[in-house]
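Shown next, in C-alpha cells, is the structure this report addresses.
Keep in mind it's a predicted model, so treat the numbers as computed, not measured. Heavy atoms only: backbone and side chains are in, while hydrogens, waters and symmetry mates are out. One-based numbering along the sequence shown.
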Amino acid sequence: METVEERLERLEFYNQLTIESVDLTAYPFFRLVMEKKLTEQEVNKVFLLCDELQRKYEMQSEEGFVHYTPLLLHFAGMLTPKLSPRETITALLQQEKYITLMEKLYELSVRYE
C-alpha cells in the first residue's frame, strides 16, 4: 500500500510535469506561483496586497499625486520572499491583472533599478 509520503511525492512529480508540459504563457503569474511553490494563503495575500494598492493608486491618482514610489516600496516590502517584485509585477501585467497599477509599478521599478 502507498504511504502518504509516497503519494505526496508522486503528486508533486505530476505537478512538476504539468508545469513543464502545459503552455502557461497566457497565465504567467499562475506559472510563477507553481514554480515558486506558493501556498494558497500566500497567493491570496498577493491578491489582497494588489487590491489594497490598486485602491490607493486610484485614490492618489484622483487626488493628483504624481509620486508613487511608496506604493512600489510597500509592494516590495509586503511581497512574500519567495517572489521577486519585478518578476511578479511583470507576470501580473502579462496576465492582465491590476493593469494600471502594475504598469506604474513596472515603470517605477525600471527607473529605480
Side-chain angles (χ1 to χ4, degrees):
M1 187 164 139
E2 185 177 42
T3 67
V4 174
E5 290 81 14
E6 290 169 334
R7 182 172 183 214
L8 179 60
E9 188 176 307
R10 182 175 43 83
L11 290 173
E12 286 177 346
F13 172 67
Y14 290 170
N15 186 49
Q16 187 60 39
L17 288 176
T18 301
I19 292 170
E20 292 173 7
S21 63
V22 174
D23 180 16
L24 291 173
T25 54
Y27 303 97
F29 179 70
F30 294 155
R31 180 181 186 100
L32 185 63
V33 164
M34 289 184 251
E35 288 173 352
K36 301 297 183 173
K37 299 178 181 167
L38 269 66
T39 65
E40 182 178 0
Q41 183 180 16
E42 289 170 324
V43 173
N44 288 337
K45 285 182 179 180
V46 171
F47 288 141
L48 287 173
L49 173 62
C50 290
D51 288 338
E52 175 190 353
L53 293 178
Q54 180 72 36
R55 283 190 301 276
K56 285 183 180 182
Y57 175 71
E58 289 170 359
M59 185 180 70
Q60 290 176 0
S61 292
E62 289 173 9
E63 293 175 359
F65 278 60
V66 293
H67 298 289
Y68 299 100
T69 306
L71 295 178
L72 176 61
L73 294 173
H74 186 91
F75 181 79
M78 296 303 293
L79 197 60
T80 175
K82 294 179 183 177
L83 297 173
S84 79
R86 172 75 71 78
E87 184 177 37
T88 305
I89 291 166
T90 302
L92 286 167
L93 192 53
Q94 290 172 345
Q95 195 164 319
E96 299 181 355
K97 293 202 170 286
Y98 308 98
I99 296 171
T100 56
L101 174 65
M102 292 304 134
E103 286 175 340
K104 181 54 73 176
L105 294 181
Y106 183 81
E107 174 189 316
L108 290 168
S109 71
V110 170
R111 186 181 315 159
Y112 295 111
E113 194 170 58

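Within the structure, ring pair (Phe, Tyr, Trp, His ring centres under 6.0 Å) pairs that include any residue of residues 60-93 comprise Tyr57-Tyr68 (at least two apart or interchain). Applying the salt bridge (Lys or Arg N to Asp or Glu O under 4.0 Å) test to residues at least two apart or on different chains, the pairs with a partner in residues 97-108 are Lys104-Glu107, Glu107-Arg111. Under the salt bridge (Lys or Arg N to Asp or Glu O under 4.0 Å) criterion, the residue pairs touching residues 38-54 are Glu42-Lys82, Glu52-Lys56, with sequence neighbours excluded. Among residue pairs with one or both ends in residues 64-78, none qualify as salt bridge (Lys or Arg N to Asp or Glu O under 4.0 Å); sequence neighbours excluded.
In terms of modelled atom types and a separation under 3.5 Å, the side chain of Thr80 and the main chain of Leu83 share no donor-acceptor contact.
For the residue pair Cys50 and Leu101, the shortest heavy atom distance occurs at O-CD2, 3.8 Å.
By the side-chain contact (heavy atoms from CB on, under 4.5 Å) test, Glu58 is found to be paired with Gln54, residues two or more places apart in sequence or in another chain being considered. Contacts of Asn15 classified as side-chain contact (heavy atoms from CB on, under 4.5 Å), with partners at least two apart in sequence or in another chain: Ile19, Met34. Residues meeting the ring-ring contact (aromatic ring centres under 6.0 Å, His included) test with Tyr98, sequence neighbours left out: none. Residues passing the side chain to side chain donor-acceptor pair (under 3.5 Å) test with Tyr14: none are found, sequence neighbours excluded. By the side-chain contact (heavy atoms from CB on, under 4.5 Å) test, Val33 pairs with Phe29, Leu38, Val43, sequence neighbours left out. Applying the side chain to side chain donor-acceptor pair (under 3.5 Å) test to Ser109 and every residue at least two apart in sequence or in another chain returns Arg86. Residues passing the side-chain contact (heavy atoms from CB on, under 4.5 Å) test with Glu96, sequence neighbours excluded: Ile99. For Thr25, the side chain to side chain donor-acceptor pair (under 3.5 Å) partners are Asp23, not counting sequence neighbours.
For Gln41, the CD atom sits in a loose shell: 12 or fewer heavy atoms of surrounding residues, nucleotides or ligands are nearer than 6.0 Å.
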